[in-house]
Asker: 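Got a structure here, written out as structure tokens. Questions coming.
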Number of protein chains: 2
Amino acid sequence: MSLRHALLGLLVDRTASGYDLMKLFDTSLAHVWPATQSQVYGELTRLADAGLLEVVGQGPRGRKDYALTDTGLTELRRWLADPSAEQPRRSDTLLRVFFIDVLPPEQRLEYLKHLADQAAGRHADLRKVRDTLDWAEEGRLTANGAIALEFGLRFTAMQEEWARWAAQLIASREGGTGAEGS
Amino acid sequence: MSLRHALLGLLVDRTASGYDLMKLFDTSLAHVWPATQSQVYGELTRLADAGLLEVVGQGPRGRKDYALTDTGLTELRRWLADPSAEQPRRSDTLLRVFFIDVLPPEQRLEYLKHLADQAAGRHADLRKVRDTLDWAEEGRLTANGAIALEFGLRFTAMQEEWARWAAQLIASREGGTGAEGS
DNA sequence: TGTTTCATGTAAGACGTTACATGATTGG
DNA sequence: CCAATCATGTAACGTCTTACATGAAACA
């Protein structure tokens, strides 16, 4: 249920339309909380109905500018300080690892190598983003976005190392004994 | 759409009932692909209708034993080798970091410290699991489960380090200049 | 006989994705 | 005048969660 909090957060220091917010989702929040246009417009209506947002202006083409209400800010603060609620993590990468023995030996290593390369690629992409970042810009989103970016860098580095480690382990498993696959 | 592949994978080297499979989900796959009873029974019916599974035996209390068909095995292999389809990741932890300035300064550090401690706690839990693992058991799930476990260990370690790094960064930001929050 | 475990299912609702539909305004 | 951009919405469908419903069999 955090799409609503993402919207509240984006409206803390500006008013914006659904269209504006979508652009923010597709840039700043793309890797943290992706959302579709369909979802954003629907949730904005619901948030306004619930009194967490209000329409403070209308523009051309039916544009509606939304602003955070006091109730909305309170709810945002409540959520931010709430340390509970680890959402259940699903990983189809790890799920594949569980069943990797179903593949013939060459394909096992191929898959793990692919994972490592993919992680390395995403790491390189993120590095490029960091090096291109406009540090002159001093908004909340760029400053804290950099912290999220650092998470991504560390995560992709870890993932690559892990995949290479796993490939080695599986290779040695095959080398050490006869084939144990299905 | 990977619940179905989890079910196919679990049925590679045994037949099982929905009830049996639920136990596997709650133990082996709990941290990788959680599923509810409701979901499992529904998906089993659909998979049998689609010909990927078949009922090979009935037991007391309406028990139905499912087995993988050739079509099912083929589909599982296809999915395992398919390197595409990174699912979009959502992280409410990182989302909170984006908006952390909305909190008063003490609470910012408190939140990050909480993240670090939580990661450390989960790391300790996983370590305990690893050290208690029955290495005599030589199934696919324990062997590959250990690889997934290693991922968890590395991930939680990384998360703790990152949270402590972020806390330091934010603390220095506040110390260096005047308060910049909303 | 009564409790626990085994065993399967349905229903309602939240959340997310994809696709479709519509039209005003701006700028070249 | 034409294309791109701005701007909002709806509908269908799939997945996941929570809660409810039912009952047979094992065991003490």
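Everything numeric in this text was worked out from a predicted model, so none of it was measured. Note on naming: letters A, B, ... go to the chains in the order of the sequence lines (proteins, then strands), and numbering restarts at 1 for each one.
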Asker: Which nucleotide in the list C/dA7, C/dT18, C/dG16 gets nearest to the side chain of A/Thr36?
Answerer: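 Closest of the options to the side chain of A/Thr36: C/dT18.
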Asker: Rounded to the nearest angstrom, tell me the gap between atom CG in A/Asp65 and atom C1' in D/dT8.
Answerer: 13 Å
Asker: Specify the residue among B/Met1 and A/Tyr66 whose closest nucleotide of DNA chain D lies further upstream toward the 5′ end.
Answerer: A/Tyr66
Asker: Select base, sugar-phosphate, or nothing to describe what B/Ser38 touches, counting heavy atoms under 4.0 Å on all strands.
Answerer: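 The answer is base, as B/Ser38 lies within the cut-off (heavy atoms under 4.0 Å) of a base atom.
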Asker: Name the nucleic acid region contacted by A/Arg4, choosing base, sugar-phosphate or nothing; use a 4.0 angstrom heavy-atom cut-off, strictly under.
Answerer: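 Nothing: the residue A/Arg4, judged by heavy atoms under 4.0 Å, touches no strand.
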Asker: Tell me, yes or no, whether the heavy-atom count around A/Arg14 atom CZ, taken from other residues, nucleotides or ligands under 6.0 Å, exceeds 12.
Answerer: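 Correct, the count exceeds 12.
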Asker: Could you check how far CG of A/Leu24 sits from P of D/dA7, rounded to whole Å?
Answerer: 13 Å
Asker: Of the non-hydrogen atoms in B/Leu11 and B/Ala16, which two are nearest, and what is the gap between them?
Answerer: CD2-N, 3.6 Å
Asker: Counting only side-chain N and O atoms of B/Arg90, is one of them less than 4.0 Å from OP1 or OP2 of C/dT17?
Answerer: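 Result: yes.
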Asker: Does any N or O in the side chain of B/Trp162 come within less than 3.5 Å of the main-chain N or O of B/Ala116, such that one atom is a donor and the other an acceptor?
Answerer: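 No, the answer is negative, given that no donor and acceptor are paired below the 3.5 Å cut-off.
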Asker: Between B/Gly62 and A/Ser2, which has a closest nucleotide on DNA chain C that is more 5'?
Answerer: B/Gly62
Asker: Give the rounded distance in Å between these two atoms: CZ of B/Arg61 and C1' of C/dT5.
Answerer: 7 Å
Asker: Starting from C1' on D/dG23, measure out to OH on B/Tyr19 and report it in whole angstrom.
Answerer: 14 Å
Asker: Quick test of your reading of the model: are B/Glu110 and B/Lys113 salt-bridged, counting only N-O distances below 4.0 Å?
Answerer: no
Asker: Give the rounded distance in Å between these two atoms: CD of B/Gln39 and P of D/dC20.
Answerer: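 Distance, rounded to whole Å: 19 Å.
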Asker: Between B/Tyr41 and C/dT8, is there a contact of a side-chain N or O with OP1 or OP2 at under 4.0 Å?
Answerer: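 Yes, B/Tyr41 has a side-chain N/O under 4.0 Å of OP1/OP2 on C/dT8.
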Asker: I need the CG-P distance between B/Leu44 and C/dA7, as an integer number of Å.
Answerer: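 Distance check: B/Leu44 CG to C/dA7 P gives 14 Å.
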Asker: Let me know, please, whether B/Thr45 or A/Trp33 comes out on the 5' side of the other along DNA chain C by nearest nucleotide.
Answerer: B/Thr45
Asker: Distance check needed: C/dG16 C1' versus A/Gln37 CD, whole Å only.
Answerer: 13 Å
Asker: For a side-chain contact (heavy atoms from CB on, under 4.5 Å) check, start with the C-alpha distance between A/Leu44 and A/Leu21, then their side-chain angles and the critical distance, and finish with the verdict.
Answerer: CA-CA 10 Å; A/Leu44 283 173; A/Leu21 291 163; 3.8 Å; yes
Asker: NA contact type, A/Arg46, heavy-atom cut-off 4.0 Å: base, sugar-phosphate, or nothing?
Answerer: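 Result for A/Arg46 = nothing.
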Asker: Can you work out whether A/Pro60 or B/Leu3 has the more 5'-proximal nearest nucleotide on DNA chain D?
Answerer: A/Pro60
Asker: Round to a whole Å and report the spacing from NZ of A/Lys64 to P of C/dA24.
Answerer: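 To the nearest whole Å, that distance equals 17 Å.
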